[in-house]
Amino acid sequence: MTDFDSDPSAARTARSAGTQLAIEPVELDRVTVLRVSGEIDVLTAPQLDAAIAQALSADDDHRCGVVVDMSAVTFLASAGLAVLAAGAQPRAGGQRLVLVANRSATVRPLQVTGLTDLLSVYSTATEAADALRVTHGGAVDDLAAQGDKPN
């Protein structure tokens, strides 16, 4: 007999809980930030994959790339790691995928699998977006947009 057998309401609660994932896309000066929260597992990885594909396929020559902000991710399974590894592939136009991982639930799986060798990982979305802009020539563009001219 299991604990679920002794308490039928516990069985219904456990089965109905399910995996939760939310993805909020935010545009941040030529960078798409996907704010991800919840659990990334075999059930939710396709949702993350679709969001990354959509963000990377945006038809904008000036777009620098995509930041997947996993600051609010509580679980990262192998299915999610596979999606992120696929995102490491080079893209036409120089767009890149970078990650924000600052919790052990995300940092540790990335390190153990070696994905930190394939993808750049940052502590904050601002750091990640800034890095994308710099590697995409954004530092020069930002100076021109602000009207700053070197002496």
Side-chain angles (χ1 to χ4, degrees), residues 2-4 10-146:
T2 66
D3 289 337
F4 289 135
R12 282 193 297 275
T13 303
R15 285 188 205 124
S16 63
T19 303
Q20 298 292 320
L21 183 71
I23 303 172
E24 178 189 1
V26 177
E27 294 301 318
L28 185 65
D29 188 28
R30 299 180 300 133
V31 173
T32 301
V33 178
L34 298 176
R35 292 184 180 155
V36 183
S37 60
E39 300 175 355
I40 305 173
D41 61 14
V42 70
L43 297 175
T44 59
Q47 184 181 348
L48 178 61
D49 188 39
I52 291 171
Q54 182 177 4
L56 285 171
S57 68
D59 190 23
D60 184 352
D61 293 336
H62 300 291
R63 179 150 319 281
C64 300
V66 175
V67 174
V68 177
D69 183 351
M70 299 187 296
S71 298
V73 169
T74 57
F75 180 74
L76 178 58
S78 60
L81 293 166
V83 167
L84 297 174
Q89 302 304 313
R91 306 283 176 188
Q95 284 197 67
R96 292 182 32 224
L97 178 75
V98 299
L99 308 176
V100 173
N102 51 19
R103 300 173 75 167
S104 61
T106 51
V107 172
R108 187 73 180 131
L110 292 168
Q111 290 173 333
V112 168
T113 58
L115 279 178
T116 53
D117 295 335
L118 294 176
L119 289 163
S120 297
V121 181
Y122 299 91
S123 297
T124 68
T126 302
E127 285 177 12
D130 288 347
L132 281 174
R133 281 189 220 96
V134 168
T135 60
H136 199 264
V140 174
D141 292 342
D142 288 348
L143 286 174
Q146 295 172 8

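- Annotation for Pro109 and Ser104: closest pair CD-O, 3.6 Å, computed over non-hydrogen atoms.
- Annotation: Gln54, atom CD; neighbour count of heavy atoms from other residues, nucleotides and ligands within 6.0 Å does not exceed 12.
- Across Val66, Val98, Val33, a single residue satisfies side chain to side chain contact (heavy atoms under 4.5 Å, CB included) together with Leu132, and that is Val98.
- Interatomic distance, OG1 of Thr126 versus CG of Leu28, reported as 6.5 Å (0.5 Å rounding).
- Within the model, atoms CG of Leu119 and CG of Leu99 stand 5.0 Å from one another, a figure rounded to the nearest 0.5 Å.
- The CG atom of Leu118 sits 10.5 Å away from the CG atom of Leu110 when rounded to the nearest 0.5 Å.
- The backbone N or O of Gly38 sits less than 3.5 Å from a side-chain atom of Thr74, completing a donor-acceptor pair.
- Nearest heavy-atom pair across Ala55 and Gln95 is O-OE1, 4.2 Å.
- At a threshold of 4.5 Å between non-hydrogen side-chain atoms, the residues Ile52 and Leu84 count as touching.
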Stepwise side chain to side chain contact (heavy atoms under 4.5 Å, CB included) check, Val107 with Val121:
CA-CA 9 Å; Val107 172; Val121 181; 5.6 Å; no
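- Counting only heavy atoms from C-beta outward, the side chains of Leu76 and Leu81 approach each other to under 4.5 Å.
- Closest of all the heavy-atom pairs between Ala45 and Gly80 is CB-N, 4.0 Å.
- Minimum heavy-atom separation, Val67 to Val100: CG1-CG2, 3.7 Å.
- Under a 3.5 Å cut-off, the side chain of Thr44 and the backbone N or O of Glu39 do form a donor-acceptor pair.
- The CG atom of Leu21 lies 6.5 Å from the OG atom of Ser37; values are rounded to the nearest 0.5 Å.
- To the nearest 0.5 angstrom, Leu97 atom CG is 11.0 Å from Thr32 atom OG1.
- Among all heavy-atom pairs drawn from Ala105 and Phe75, the shortest one is CB-N, 4.3 Å.
- The backbone N or O of Asp29 sits less than 3.5 Å from a side-chain atom of Arg133, completing a donor-acceptor pair.
- Rounded to the nearest 0.5 angstrom, Arg96 CZ and Leu56 CG are separated by 11.5 Å.
- What you find for Leu115 and Ala85 is that their closest heavy atoms are CD2-CB, 3.6 Å.
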